[in-house]
Amino acid sequence: MSKQAKKLSNKEIFWYVLSGVIGVLGLTSLVFGIVGDHFPGLYEDNWIAASENGWIKAWSHLGYRYWGIILIVVAAFIAVVALTVFAKEGDRDTERALRRQQRLAMANAVVESKEDDEKKDA
């Protein structure tokens, strides 16, 4: 039993790619936070901690780790919502095609029964 592969729409691809990009940014930020906290050497040599204190904590009071976690959660939420929405659309299209096949089969059965009745009458 072979199933035909469903063609992805452009908006579906967009949401999956957006979720992936946000997830990669979150993962990168999370890794920067971990590496920045455990970077060996002096603080002056730790460019990750310096950049974190220089611009991220200045406006958000959160570090790379927290922003990484937030971005990963946002990416997961977008992915789950997109999967749910597009799965419902796929189910709806499948059901619509099935109903159409059933209607056509019923119409063909009615036409065939009328033809059989006409042959019997003739």
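- Pairs of residues two or more places apart, or lying in two chains, never qualify as salt bridge (charged side-chain N to carboxylate O under 4.0 Å, His left out) while including a residue from residues 20-31.
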For a quick test of your reading: what N or O donor-acceptor pairs under 3.5 Å do the side chains of residues 16-33 make, sequence neighbours left out?
| residue | atom | partner | partner atom | Å |
| --- | --- | --- | --- | --- |
| Y16 | OH | E12 | OE2 | 3.0 |
| S19 | OG | A75 | O | 2.8 |
| T28 | OG1 | V24 | O | 2.8 |
| S29 | OG | Y64 | O | 2.8 |

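- Within the 4.5 Å cutoff, no side-chain heavy atoms of N10 are placed close to those of F14.
- Residue pairs that meet the salt bridge (charged side-chain N to carboxylate O under 4.0 Å, His left out) test with at least one member in residues 76-86, sequence neighbours left out, do not exist here.
- I78 and L83 fall within a single hydrophobic cluster, where Ile, Leu, Val, Met, Phe, Trp and Tyr are joined by side-chain heavy atoms under 4.5 Å apart, directly or via other members.
- In the hydrophobic clustering of ILVMFWY residues, with side-chain heavy atoms under 4.5 Å counting as a link, V81 and I72 come out apart.
- Residue pairs meeting the salt bridge (charged side-chain N to carboxylate O under 4.0 Å, His left out) criterion with at least one member in residues 59-73, sequence neighbours excluded: D37-R65.
- Scanning for side chain to side chain donor-acceptor pair (under 3.5 Å) contacts around W15 gives an empty result, with sequence neighbours left out.
- Under the 4.5 Å side-chain heavy-atom criterion for ILVMFWY residues, no single connected hydrophobic cluster contains both F86 and V80.
- Listed by first then second residue, pairs satisfying salt bridge (charged side-chain N to carboxylate O under 4.0 Å, His left out) with a partner in residues 75-85 number zero, not counting sequence neighbours.
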